[in-house]
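These values consider heavy atoms only, across backbone and side chains, with no hydrogens, waters or symmetry-generated copies.
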Amino acid sequence: MTKRVREPIQVYLTAKERTELDEAARELGVSRSETLRRGIEAVRRPRISGVFRKLVDESLLTPPLIRSGGPPPSAPVTTLETVMCELDADRAE
């Protein structure tokens, strides 16, 4: 098992930014550090377009976890296969 080497970083936040960070971490069910990591990943991730944009906007597809563990408890979770089958059924009607 490879150990991940982490480097400490200091960030100065306003009271409002700290509150927003805490709220985001609580909503995601992860630590502040993990919330910041996910924010960095979100900024670096290519923008989603096309068929999947609506699914992401409606939170039917969520970004992958950076760390191992389960999804946030409030996020809807389904397989892509299920979503595609439901889309096909909707289109057929």
Side-chain angles (χ1 to χ4, degrees):
M1 178 179 195
T2 303
K3 185 176 179 179
R4 289 174 52 173
V5 177
R6 298 201 174 172
E7 179 181 327
I9 186 167
Q10 187 172 14
V11 178
Y12 294 93
L13 302 175
T14 64
K16 182 179 184 231
E17 291 168 336
R18 175 66 179 263
T19 299
E20 290 175 356
L21 176 61
D22 288 341
E23 288 174 4
R26 189 172 30 262
E27 289 171 8
L28 292 170
V30 297
S31 68
R32 289 182 196 130
S33 296
E34 180 62 17
T35 302
L36 291 171
R37 286 184 198 99
R38 290 182 185 192
I40 292 167
E41 286 293 318
V43 169
R44 301 286 300 151
R45 187 179 306 117
R47 296 290 175 217
I48 299 170
S49 62
V51 176
F52 297 107
R53 178 78 256 164
K54 184 177 178 186
L55 297 173
V56 171
D57 289 344
E58 294 176 1
S59 298
L60 296 173
L61 291 179
T62 56
L65 296 174
I66 295 168
R67 302 163 79 177
S68 61
S74 62
V77 178
T78 189
T79 64
L80 179 58
E81 181 180 6
T82 301
V83 172
M84 297 309 287
C85 288
E86 289 175 2
L87 286 173
D88 287 342
D90 288 345
R91 289 180 182 142
E93 291 179 358

Going hydrophobic residue to hydrophobic residue with side-chain gaps under 4.5 angstrom, can you get from L21 over to V11?
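In one cluster: yes.
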Would you check if M84 and L87 make a side-chain contact, meaning some heavy-atom pair closer than 4.5 Å?
yes
E34/R37 salt bridge by N-O under 4.0 Å criterion
yes
Using side-chain hydrogen bond (donor to acceptor under 3.5 Å, both in side chains) as the criterion, list what pairs up with R32, not counting sequence neighbours.
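Expected list: D22.
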Please give me the minimum heavy-atom distance between R38 and L28, naming the atom from each residue.
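Heavy atoms only, the tightest pair is NH1-CD2, 4.0 Å.
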To the nearest 0.5 Å, what is the distance between CD on E23 and OG1 on T35?
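Rounded to the nearest 0.5 Å, the CD-OG1 separation comes out at 11.5 Å.
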